[in-house]
Amino acid sequence: MKIATFNINGINRRFGNLMAWLADAAPDVVCLQETKATDRQFPATALADAGYGAVWRGESGWNGVAILARGAEPILTREELPGNPDDGQARYIEAAVNGVLIACLYAPNGNPRPGPKFDYKMAWTGRLLAHAGELWATDLPVVLAGDYNIVPEPRDIYQTTSYRDNALVQPESRALFARLLAQGWTDALRARHPDETVYTFWDYMRNRWPRNAGLRLDHLLLSRELARKLKAAEVDREVRGREGASDHAPAWIELKV
DNA sequence: ATGACTGGTTGGACCAGA
């Protein structure tokens, strides 16, 4: 079973890129972030024509998340992160596919810092930590996949000082990610590549892709049982180099299921 | 500190991303 996460940065603007990658990679499950489409604008019919069932939650202009399943209909279990009924941003969706609980998340960026956006990042990611703790306690097979907007360690970003004050690399941000791992979750990409540099995002600006000036922001965290079944974890880097690409590349895992 | 890239919402600069 192959499960991917991909910050698509506009599903309709980049529908051709998405279709080409789906045809090549043939993932069983795809977590999408930044669909930037309202629920009505979501291209459910075209995805169904390509063989993918979907659940989605969008809003106008920004954010938006979706879970696709090849030859199946995901069974929706949640469409918001618990803990704040006043938070209307479309950043979380959760569904069961083939016996695996898939959590698709798009954590807030948090810039500029300090300020209300950074406070929101901390609060939202804190709510994620709480929910992840509850999921861990169920002992279900769970994948927490998405754009966490956190660079876990210094080696997960290219050599630079330009991100020094950025929300993505702050000790408070990294501490939240570390607390997730401390619950027991396995960071699949790092587990399969303990000594390699792995990036999933390259800014559009300043030739960051040709220079390989990247960051690792997209993560797949695995529950205990699924970690034992992990066969492979990779980033489809070449997708970032295509015409009209998102600024993120897809990351995926292969499970023995 | 600023600018540089891209998408979306608009009807034009502006917000947001990271």
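Note: hydrogens, waters and symmetry copies are ignored here, and every other heavy atom, side chains too, is used. Here is how names work: the chains are called A, B, and so on, in the same order as the sequence lines, proteins then strands, and each is numbered from 1.
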Next item on the list: Could you check whether A:N7 gets within reach of a base, just the sugar-phosphate, or nothing at all, counting any heavy atom under 4.0 Å?
Entry: sugar-phosphate

Check: How is A:R208 classified with respect to the nucleic acid when contacts are heavy atoms under 4.0 Å: base, sugar-phosphate, or nothing?
Finding: nothing

Tell me: [atom1] of [X] to [atom2] of [N], nearest whole Å?
| X | N | atom1 | atom2 | value |
| --- | --- | --- | --- | --- |
| A:R14 | B:dG7 | CZ | P | 5 Å |
| A:R211 | B:dA4 | CZ | C1' | 12 Å |
| A:M205 | B:dT2 | CE | P | 15 Å |
| A:L168 | B:dG17 | CG | C1' | 10 Å |
| A:H248 | B:dG7 | NE2 | P | 13 Å |
| A:N63 | B:dT9 | CG | C1' | 14 Å |
| A:Y106 | B:dA16 | OH | P | 11 Å |
| A:Q41 | B:dT9 | CD | C1' | 10 Å |

Next item on the list: May I ask you to decide if the ring planes of A:Y148 and A:F177 are parallel, tilted or perpendicular, using 30° and 60° as cut-offs?
Entry: perpendicular

Margin query: Parallel, tilted or perpendicular: which one describes the rings of A:Y158 and A:Y163, with boundaries at 30° and 60°?
Written below: perpendicular

Note to self: Between A:A245 and A:L215, which residue's closest nucleotide on DNA chain B lies nearer the 5′ terminus?
What the structure shows: A:A245

Taking only the side-chain nitrogens and oxygens of [X], find out if one of them lies under 4.0 Å from OP1 or OP2 of [N].
| X | N | result |
| --- | --- | --- |
| A:S60 | B:dG8 | no |
| A:R91 | B:dG17 | yes |
| A:K36 | B:dT6 | no |

Notebook entry, point to check: So among A:T186, A:V143, A:L181, which one has a side chain to side chain contact (heavy atoms under 4.5 Å, CB included) with A:L221?
Noted result: A:L181

Next item on the list: Kindly say whether A:A167 contributes a backbone atom to a donor-acceptor pair with the side chain of A:N111 at under 3.5 angstrom?
Entry: yes

Checklist line | A:R211, CZ atom: more than 12 neighbouring heavy atoms under 6.0 Å | finding: yes

Note to self: Other residues, nucleotides and ligands only: do more than 12 of their heavy atoms fall within 6.0 Å of CZ on A:R224?
What the structure shows: no

Notebook entry, point to check: Which parts of residues 145-156 of chain A get close to DNA chain B, meaning a heavy atom less than 4.0 angstrom away?
Noted result: A:D147, A:N149

Checklist line | DNA chain B-proximal residues of residues 120-128 of chain A, any heavy atom under 4.0 Å | finding: none

Checklist line | Heavy-atom pair with the smallest gap, counting every atom of A:F6 and A:S246 | finding: CE1-CB, 4.1 Å

Work out how far the [atom1] atom of [N] is from that of [M], and round it to whole angstrom.
| N | M | atom1 | value |
| --- | --- | --- | --- |
| B:dT2 | B:dT6 | P | 23 Å |
| B:dA1 | B:dA13 | P | 28 Å |
| B:dG8 | B:dA4 | P | 22 Å |

Item checked: Side chains of A:V151 and A:R174 in contact at under 4.5 Å (non-hydrogen atoms) -> yes

Next item on the list: Tell me whether the centres of the aromatic rings in A:Y92 and A:Y106 are closer together than 6.0 Å.
Entry: no

Next item on the list: Would you give the length of the straight line joining atom CG of A:L168 to atom CD1 of A:I157, rounded to the nearest 0.5 angstrom?
Entry: 7.5 Å

Note to self: At less than 3.5 Å, do the side-chain atoms of A:R13 and the base atoms of B:dG8 form a donor-acceptor pair?
What the structure shows: no

